[in-house]
Amino acid sequence: QNIVSFDYRGEFYGKHEELMHGEDKLMMDYEAVQFGLALHYGLEMLKKFDIASLEDAMNSVKYRYAQLIGDSGLNDIFNRINRLINDPFFKSILTAEYYQEQRFRLNDKNRIIDLLIKAESDKWIVIDYKTSKERHEEYREQVKYYIYAITKITNLPCTGYICYLQSYGIEWDEVKI
């Protein structure tokens, strides 16, 4: 038999795969996409936003992504999520009622909100995690749509934030419509 080798790059992007379209999918840097997916997966696996949950979540991240992102990527993800857990602003807005990876459908569009928080003042807060500011304006439009949708679906006010989980620290960008 003649065995032919080829370069394989997996195209399954988890829960967010269905939202990636055409050329955008092809233009993305494979390693950056895998790192971003691993980070989101780690955040999704948190039972609570505390260090014990982070350690458990990192076991899941290691099992699923270690071969793709390596030890340095795993350490980077741990540090970024740990900074989020300890961030004073994040602690101030996180309440007992929150929903991770919240799916919704509006106007024939399926979307996933990274973190949806029911604030004590009877309003909603949308958090969208990002690892780079490369497509900042596009991210802002995405969060504006989330705010619009949650306001329309719940009839309650909503505000939104992009949480940039950078290697050097966390930056928050408030988004309003």
Side-chain angles (χ1 to χ4, degrees), residues 14-16 19 32-62 64-66 69-104 111-151 153-177:
K15 286 188 177 183
H16 292 276
L19 303 178
V33 168
Q34 293 305 315
F35 180 84
L37 291 170
L39 179 87
H40 274 84
Y41 184 70
L43 289 159
E44 181 183 343
M45 292 295 103
L46 291 173
K47 291 184 179 95
K48 296 195 290 187
F49 288 93
D50 62 21
I51 192 69
S53 291
L54 175 55
E55 289 170 358
D56 288 343
M58 287 306 298
N59 286 329
S60 296
V61 174
K62 280 181 197 174
R64 189 167 183 178
Y65 289 98
I69 64 171
D71 288 341
S72 64
L74 292 169
N75 290 333
D76 194 3
I77 287 171
F78 178 89
N79 291 332
R80 291 182 195 211
I81 297 174
N82 190 39
R83 276 195 294 273
L84 175 67
I85 289 169
N86 292 297
D87 183 73
F89 177 72
F90 185 68
K91 286 180 173 183
S92 76
I93 62 172
L94 190 65
T95 63
E97 187 177 350
Y98 61 85
Y99 306 92
Q100 298 183 110
E101 297 295 312
Q102 182 62 51
R103 291 177 175 267
F104 71 91
R111 295 290 184 257
I112 301 171
I113 296 173
D114 291 335
L115 183 63
L116 182 61
I117 301 169
K118 178 72 182 285
E120 294 168 2
S121 58
D122 215 23
K123 73 173 189 176
W124 291 97
I125 300 172
V126 167
I127 306 289
D128 196 48
Y129 306 122
K130 300 295 181 193
T131 57
S132 96
K133 292 183 167 183
E134 193 172 296
R135 296 159 65 183
H136 179 70
E137 287 307 315
E138 182 181 329
Y139 301 154
R140 288 183 63 78
E141 291 305 312
Q142 176 185 1
V143 173
K144 284 180 184 179
Y145 183 77
Y146 293 166
I147 294 168
Y148 163 77
I150 294 302
T151 301
I153 291 167
T154 66
N155 289 318
L156 292 172
C158 182
T159 189
Y161 295 92
I162 301 172
C163 176
Y164 289 103
L165 296 162
Q166 306 274 346
S167 60
Y168 55 83
I170 294 176
E171 294 181 40
W172 293 95
D173 180 25
E174 184 175 12
V175 179
K176 296 180 181 179
I177 57 172

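All heavy atoms count here, side chains included; hydrogens, waters and symmetry mates do not.
Of the residues L43, D114, I113, L116, the one that meets the side chain to side chain contact (heavy atoms under 4.5 Å, CB included) test with E101 is D114.
Here the CG-CD distance, from L46 to E55, works out to 11.5 Å after rounding to the nearest 0.5 Å. Separation of atoms CZ (F90) and CZ (F49) is listed at 4.0 Å; rounding is to 0.5 Å. Atom OH in Y161 sits 6.0 Å away from atom CD1 in I125 (nearest 0.5 Å). Interatomic distance, W124 CH2 to I117 CD1, rounded to the nearest 0.5 Å: 10.0 Å. The CD atom of Q100 lies 11.0 Å from the NZ atom of K47; values are rounded to the nearest 0.5 Å. The line from CG of N79 to CG of L84 is 12.5 Å long, rounded to the nearest 0.5 Å.
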Name the atoms and distances for all side-chain donor-acceptor pairs under 3.5 Å in residues 165-177, with sequence neighbours left out.
unit_1: Y168; atom_1: OH; unit_2: E171; atom_2: OE2; d: 2.7
unit_1: E171; atom_1: OE1; unit_2: K133; atom_2: NZ; d: 2.4
unit_1: W172; atom_1: NE1; unit_2: D87; atom_2: OD2; d: 3.0
unit_1: D173; atom_1: OD1; unit_2: R140; atom_2: NH1; d: 3.0
unit_1: D173; atom_1: OD2; unit_2: H136; atom_2: NE2; d: 3.4
unit_1: D173; atom_1: OD2; unit_2: R140; atom_2: NH1; d: 2.7

task = Dump the intermediate steps for side chain to side chain contact (heavy atoms under 4.5 Å, CB included) on K130 and Q142, then the final yes or no.
result = CA-CA 12 Å; K130 300 295 181 193; Q142 176 185 1; 3.2 Å; yes
ask   = Which is it for L37 and Y41 under the side chain to side chain contact (heavy atoms under 4.5 Å, CB included) test, yes or no, and what are the steps along the way?
value = CA-CA 6 Å; L37 291 170; Y41 184 70; over 6 Å; no
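When the shell of 6.0 Å around NZ of K118 is examined, it contains more than 12 heavy atoms from other residues, nucleotides or ligands. More than 12 heavy atoms of other shown residues, nucleotides or ligands fall within 6.0 angstrom of atom CG in N59.
Contact annotation: the side chain of R80 approaches that of T131 to within less than 4.5 Å [non-hydrogen atoms, C-beta and beyond].
The two residues A66 and L74 make their nearest non-hydrogen contact at CB-CD1, 3.9 Å. Closest approach of F104 to A149, counting heavy atoms only: CE1-CB, 3.3 Å. The two residues V61 and A38 have their closest heavy-atom pair at CG2-O, 3.9 Å. Closest approach of I81 to G42, counting heavy atoms only: CD1-C, 3.9 Å.
A distance-only check finds no donor-acceptor pair linking the side chain of N82 to the backbone of F78 [under 3.5 Å]. In this structure, T151 contributes its side chain and I147 its backbone to a donor-acceptor pair below 3.5 Å. Side chain of T95 to main chain of A119: no donor-acceptor pair is present (N/O by atom type, distance under 3.5 Å, no hydrogens or angles). The closest donor-acceptor contact from the side chain of D76 to the backbone of S72 lies at 3.5 Å or more, if one exists at all. For the pair Y146 (side chain) and I112 (backbone), a donor-acceptor distance under 3.5 Å is present.
For Y145 and E141, the side-chain atoms include no donor-acceptor pair closer than 3.5 Å.
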